[in-house]
Amino acid sequence: MSQPTIESILQENRLFHPASNFSQQANIKSLEEYQRIYDEAKADPQAFWAKLAQTELDWFHEWDTVLDWQPPFAKWFVGGKINISYNCLDRHLTTWRKNKAALIWEGEPGDSRTLTYAQLHREVCQFANVLKQLGAKKGDRIGIYMPMIPEAAIAMLACARIGAPHSVVFGGFSAEALRDRLNDAEAKLVITADGGWRKDAIVPLKEQVDKALADNAVPSITDVLVVKRTGQKTQMEPGRDHWWHDLQKGVSADCPAEPMDSEDMLFVLYTSGSTGKPKGVVHTTGGYNLYSHITTKWIFDLQDTDVYWCTADVGWITGHSYIVYGPLSNGATTVMYEGAPRGSNPGCFWDVIEKYGVTIFYTAPTAIRAFVKMGEHHPNKRNLSSLRLLGTVGEPINPEAWMWYHKIIGGERCPIVDTWWQTETGGIMITPLPGAIPTKPGSATLPFPGIIADIVDLEGNSVPQNEGGYLAVRHPWPGMMRTVYGDPDRFRRTYWEHIPPKDGKYTYFAGDGARKDEDGYFWVMGRVDDVLNVSGHRLGTMEVESALVSHPAVAEAAVVGKPDELKGEEVVAFVTLEGTYQASEELSKELKKHVVSEIGAIARPGEIRFTDALPKTRSGKIMRRLLRNLAAGQEVSGDTSTLEDRSVLDKLREGA
Ligand code: ATP
Ligand code: MG
């Protein structure tokens, strides 16, 4: 018998059924209904997607071919003509939604703005005309480097309207990171702001753009558009730089949406860089529109009375699919918040929920763990009774963090959708449908209808139940990435060759380890690159970390392997503590014991390192590869451009 690919040692048996009043009103109402839809989609994926494309979206011209699959290159709805900005805006204007709030925005200093569908449409059309006046046309790539203000969404929708693919670069990135991405995408324009508010300080975005473009470092750029947000003094280069409000003044609001080929590029977006150099992920129009639309509708169970808030930044795929395109395509009210929890206002998220009566709240495990650390008195002081559904995305959520979210934020009444997906997948792939699928803390549960997900070994064979393996997808889906921008070979190598194609059948390799339990539920165990190898046992990081987090002293934990002559690797755990706890030799011993009693001696950390913070990507994901270097006493290597805070590494080094 060959060894399992990744071993699973965590036991989690809690099960939560959706409340019957939630299920009754839900879009998908029962496990049986989910199963029926899932089976139907599995039996004939093309028919399933085609039917949804017909009923859920507006097309200028219908497609001839649902799927053209020349592995690993897929084309969906070939021959179809569509525009996502039309689907997000124009089609709502002929309904009662015309005067419904499309976007509710709250700035960090407390200013706010609400745009109805009619108003948002008007601004998008005007700005699309501005772009045209600057010479932007179908196919030109446009960089967007903005704070979380309505103009970020307006810019994206305006690009989509004229068929110019956008490339949003997270506003927290450095000038160098911006320059590399603009160059990789060969952008013609950049849209930015003088600054944005983050944690009570101004992020000088325009200054970063100037640095990125200095010495003609991005030769493709002809113009820079600048939104006045913070009003601080800003250098404007004559001829190149323009104020948004100057150009927008008096411009016609008549700008019909460009009929795009279904397969025309909608955007290129770079991955978070948790495992290495970020990849320029290409998404196209029709398939992405359908996938972001239908996943939003079913997973967040959108109803017309909902106030939906996703706390991601538009610089990440979550912001693309679940702040802008998915909610607006559904005619929902989407909340956008500029700031972040900060010393002066640790409870700002709860204020936003109370102020707008948010009903659906979607955030990341990293944020939840930070809330746990800050203490439950912050949410407890606010009225969160409007909430009816919660979601998480970005990393595996430790069961104890899930329980806290369930109790303290959800008041034990809100289902939690733990959504597994990637920049590459375009939308959520594995997730509960909240009215239908009972949840287990730490499991993303079941695949979305039409997604043929599996756990496989490196030959592509399904592994037995409860055995760890590689998370894989067997059939193309409309929201899948089409290629790595400018590098189809990297696309093939990274996603389609780890599992060798068999009989012409290709399997998508996600790069995450996972297992499926006796109910078919998926448990993501961590990234394949981060798997530990202890005395011949391959362990995912998630389970050991969750065991640590289940100790009351631990707020957050990251485990890595350190080379060891006897065991191959020894487990080293980096741990941050909750409020009142102090690092000590005793606590270290206690935590080691705790891991042994929770999941067994095999996972016992050889070393516990206490720290104030863990190195994370700007999207809040733990970067274990950097910790692995530190644990082994090596210099940190590889791409660190997406690291959030360099000083975290320096401190860890000093502490070593
Ligand atoms: P890079 O690919 O550049 O290393 P990245 O993988 O962090 O960066 P993203 O596309 O932002 O870039 O993140 C996708 C990854 O996030 C998934 O592959 C998975 O590891 C993790 N992830 C996202 N959601 C979940 C979830 N609900 N449960 C477990 N893991 C998740
Ligand atoms: Mg990835």
Side-chain angles (χ1 to χ4, degrees), residues 168 170 173 177 181 268-281 283 295 299 310 312-322 362-368 390-399 401-402 405 416-432 439-448 453 470-473 479-481 484 490-491 494-495 498 508-515 521-531 540-543 545-546 558 615-626 638-644:
V168 185
F170 171 58
F173 275 138
R181 285 164 180 74
V268 49
L269 179 67
Y270 294 82
T271 55
S272 300
S274 306
T275 54
K277 187 172 176 279
K279 304 164 270 275
V281 171
H283 284 287
T295 49
I299 296 161
C310 164
D313 191 283
V314 289
W316 313 121
I317 188 72
T318 308
H320 284 55
S321 301
Y322 299 113
Y362 188 33
T363 194
T366 183
I368 297 167
L390 304 175
T392 88
V393 59
E395 288 178 292
I397 181 164
N398 315 109
W402 193 103
Y405 198 31
I416 296 178
V417 288
D418 172 358
T419 60
W420 178 86
W421 61 297
Q422 312 178 294
T423 310
E424 294 88 338
T425 67
I428 297 166
M429 302 286 279
I430 302 179
T431 177
T439 51
K440 303 181 185 182
S443 169
T445 75
L446 299 170
F448 193 79
Y470 303 99
L471 184 44
V473 189
M480 67 196 281
M481 76 184 283
V484 171
R490 190 169 177 206
F491 175 62
T494 312
Y495 306 103
H498 285 277
Y508 173 82
F509 176 82
D512 287 333
R515 76 180 159 95
Y521 278 37
F522 286 73
W523 297 78
V524 178
M525 297 159 71
R527 292 163 189 280
V528 169
D529 303 38
D530 291 338
V531 165
T541 50
M542 149 73 164
E543 300 189 333
E545 289 164 2
S546 289
K616 292 184 181 173
T617 63
R618 306 244 169 186
S619 52
K621 297 162 195 258
I622 300 169
M623 290 171 91
R624 291 179 193 76
R625 64 186 159 93
L626 306 184
D639 188 286
T640 53
S641 66
T642 65
L643 183 62
E644 184 189 22

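Just so you know, residue 1 is the first one in the sequence shown, and it goes up from there. Order of appearance sets the numbers: ligands from 1, and atoms from 1 within every ligand.
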Is the Phe448-Trp421 ring centre distance short of 6.0 angstrom?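 No: the rings miss the under 6.0 Å criterion.
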Do the non-hydrogen side-chain atoms of Met480 and Glu424 ever get within less than 4.5 Å of each other?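 The answer is no, as the side chains (C-beta and beyond) never meet within the 4.5 Å cut-off.
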Can you tell if the side chain of Tyr322 reaches within under 4.5 Å of the side chain of Val393, non-hydrogen atoms only?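 Answer no - side chains too far apart.
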By the definition side chain to side chain contact (heavy atoms under 4.5 Å, CB included), identify the one residue from Leu471, Asp418, Thr445 that meets it with Phe522.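 Per the side chain to side chain contact (heavy atoms under 4.5 Å, CB included) rule, the option paired with Phe522 is Leu471, out of Leu471, Asp418, Thr445.
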Neighbouring protein residues of ligand 1 - any heavy atom closer than 4.0 Å: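 Shell around ligand 1 (4.0 Å, heavy atoms): Thr271, Ser272, Gly273, Ser274, Thr275, Lys279, Val393, Gly394, Glu395, Pro396, Asp418, Thr419, Trp420, Trp421, Gln422, Thr423, Glu424, Asp512, Val524, Arg527, Lys621.
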Assign the ring pair Phe170 / Phe173 to parallel, tilted or perpendicular, where the plane angle (0 to 90°) is split at 30° and 60°.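 The arrangement is perpendicular - the two ring planes meet at more than 60°.
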Please work out which of the three classes, parallel, tilted or perpendicular, describes the rings of Phe509 and His498, given edges at 30° and 60°.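 The arrangement is parallel - the two ring planes meet at less than 30°.
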